[in-house]
Amino acid sequence: MLQLQVIREDQGDLVKAFKKRNLDAAPLLENVKKLDEERRSLQTRLDAVLAESNSLSKSIGELFKKGEVEKANAMKARTSELKEESKSLNESLGQAASDLEAALYLIPNVPHESVPAGTSDTDNEEIFREGDIPVLGEHALPHWELAKKYDLIDFEWGVKITGSGFPVYKGKCARLQRALIAYFLDKNTEAGYTELQVPHLVNEASGFGTGQLPDKEGQMYELASDPLFLIPTAEVPVTNLMRDTILDNSDFPVRYTAYTPCFRREAGSYGAHVRGLNRLHQFDKVEIVRVEHPDKSYEALDGMVEHVKTILRELQLPFRILRLCGGDLGFTSALTYDFEVFSTAQDRWLEISSVSNFETYQANRLKLRFRDEDKKTRLAHTLNGSALALPRVLAGIMENYQTEEGIRVPEVLIPYTGFDMIN
RNA sequence: GGAGGAAUGGCAGAGUGGUCGAAUGCGGCAGUCUUGAAAACUGUUGAGGGUCACACCUCCGGGGGUUCGAAUCCCUCUUCCUCCGCCA
């Protein structure tokens with residue numbers, strides 16, 4: 001959530017910035033300002049009542065000590081008046097505070113100045129492209145056909161034991177997936193990220209911390225028997241590790257990587273675009289998460305982009321990088337780069353990574369701060385990215401590496417798979 | 001799952017109704033000394049709200065209660081520890 005201070009001190013720049021998101025923020029911001037003033041005025045009044053009550057209590061104590069019981073008892077009358085008053089003020093204050101919070105939750109992150117205006121994914125700005133798109137010929141198959149041909153993924157089995165969108169990977173494909181996970185983790189570790197294994201269930205507080213709650217609970221699976229959620233991404237548990245934390249300036253950079261399955265309830269549409277591995281309820285992903293000094297976060301973002309590039313380069317997959325436009329930018333993100341791999345057999349780009357800087361938006365909810373040079377506590381910046389999401393990388397490899405003899409295994413993965421051809 | 005015990009500042013650990021935002025030690029920071037460092041000594045050192053700055057207010061695991069007044073008493077929840085049971 002946005003910092004109140006930013007909204008209080010705003011000179012109209014915010015409204016302008018939110019236009020890129022096609023959002024008329026003026027009424028939202030005005031509402032927040034109004035509620036903030038209400039809250040503060042209630043707080044001031046409550047503080048005054050409590051101050052009087054505190055000092056009376058002290059006097060009463062002293063009077064009792066001196067044995068002036070009558071005087072003390074006389075003062076008690078005033079105290080109980082104050083108590084009533086503080087009780088009702090406190091209730092109003094609680095209401096005002098939660099109204100204010102609710103109003104703040106409605107405001108998305110401020111887009112970075114480099115974010116292009118636009119309404120949908122067609123307005124995203126391509127900033128980089130690399131790799132040769134293989135020529136496959138007419139016999140080329142999309143990955144769901146390849147999965148059948150070589151008996152690699154069983155979607156029906158998944159339906160049988162769970163439901164649609166929960167595929168079962170078999171044989172060499174399962175092995176290939178395991179190889180990719182190990183390879184990604186190794187690359188991330190090499191790049192300075194510390195590997196973590198984290199729980200795949202999180203509590204409510206964690207959902208709030210990274211912004212899945214209160215609005216997007218429909219996207220997460222919730223347990224019926226306990227107030228826990230299956231994680232939609234490793235971002236949630238990993239970033240929340242640092243909730244309610246004050247880092248030291250020397251703790252930067254904080255860099256973690258984690259492999260987890262990801263669970264998404266989102267129904268999605270049906271048709272070619274969600275066939276096969278394109279859209280699933282459960283998939284695997286290796287995530288990278290950073291916490292940075294505000295002065296360094298964009299440098300860090302660039303570093304993450306470069307890092308993902310080197311992985312795709314090694315896998316020899318044709319890819320491009322998009323800078324998301326305001327209309328496509330996630331609610332909590334200030335700047336996001338999407339990586340897409342070209343699938344020749346599907347003749348379309350597949351999103352395989354999303355790298356974002358959240359600036360202080362998540363940190364504000366998380367109360368993730370650091371002590372700066374002057375020893376003041378300030379909010380840190382959080383960033384994360386996929387390095388990488390498995391299913392579409394797998395699809396890209398299957399489709400782009402297919403030959404008459406079978407599916408070749410990318411060079412860098414052979415040490416992990418132990419075989420060089422799936423057939 | 002059963003029986004006990006515990007939860008206090010970065011850490012350790014006092015504090016059982018007012019003089020407690022909280023002793024003491026360690027750690028951190030600043031200074032004295034030193035060519036420099038260490039040691040020693042001195043000072044300083046929680047977070048949030050509020051204010052031009054003070055004042056003032058809140059916070060001793062979470063929530064509720066008793067009381068003029070709660071870290072301290074009561075209820076409740078959560079978590080941790082010990083013992084027993086079960087189990088990968």
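Below, chains carry the letters A, B, ... as their sequence lines are ordered, and counting in each starts from 1.
Annotation: rG64(B) and rC52(B) have their P atoms spaced 31 Å apart (nearest Å).
For residues 92-104 of chain A, the set of pairs meeting the side-chain hydrogen bond (donor to acceptor under 3.5 Å, both in side chains) definition, not counting sequence neighbours, comprises Q95(A)-D99(A). For residues 293-307 of chain A, the side-chain hydrogen bond (donor to acceptor under 3.5 Å, both in side chains) pairs, not counting sequence neighbours, are N188(A)-H307(A), S297(A)-N357(A), S297(A)-H381(A), Y298(A)-E359(A), E306(A)-K309(A). Screening residues 229-240 of chain A for side-chain hydrogen bond (donor to acceptor under 3.5 Å, both in side chains) gives T210(A)-N240(A), T233(A)-K285(A), E235(A)-Q362(A), E235(A)-N384(A), N240(A)-R243(A) as the qualifying pairs, with residues at least two apart or on separate chains. Among pairs with a residue in residues 246-266 of chain A, those fulfilling ring-ring contact (aromatic ring centres under 6.0 Å, His included) read F252(A)-F370(A), at least two apart in sequence or across chains. Sorted by first then second residue, the ring-ring contact (aromatic ring centres under 6.0 Å, His included) pairs that include residues 4-43 of chain A, not counting sequence neighbours, number zero.
S55(A) is linked by a side-chain hydrogen bond (donor to acceptor under 3.5 Å, both in side chains) to nothing, counting only residues two or more places apart in sequence or in another chain. Checked against side-chain hydrogen bond (donor to acceptor under 3.5 Å, both in side chains), E70(A) has no partners two or more places apart in sequence or in another chain. When the side-chain hydrogen bond (donor to acceptor under 3.5 Å, both in side chains) test is applied to D10(A), no partner is found at least two apart in sequence or on another chain. With sequence neighbours excluded, no residue satisfies side-chain hydrogen bond (donor to acceptor under 3.5 Å, both in side chains) with D244(A).
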Handout entry: Reading 5' to 3' through nucleotides 43-58 of chain B, protein heavy-atom contacts under 4.0 Å coded B for base, S for sugar-phosphate only, - for none
Key = ----SSBS-----SSS
Completion exercise
A correct 5'-to-3' footprint of nucleotides 74-81 of chain B, with B, S and - meaning base, sugar-phosphate only and no protein heavy atom under 4.0 Å, is --------
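Taken residue by residue, residues 72-84 of chain A places heavy atoms nearer than 4.0 Å to RNA chain B at K76(A), T79(A), K83(A).
Annotation: the span from L185(A) atom CG to E195(A) atom CD amounts to 4.5 Å, rounded to 0.5 Å.
Searching all strands for a Watson-Crick or G-U wobble partner of rA40(B) with both distances below 3.5 Å returns rU32(B). Pairing of rC87(B), defined by two Watson-Crick or G-U wobble distances under 3.5 Å, is not identified with any nucleotide.
Mapping S53(A) and G61(A) onto RNA chain B by nearest heavy atom places G61(A) closer to the 5' end of the strand.
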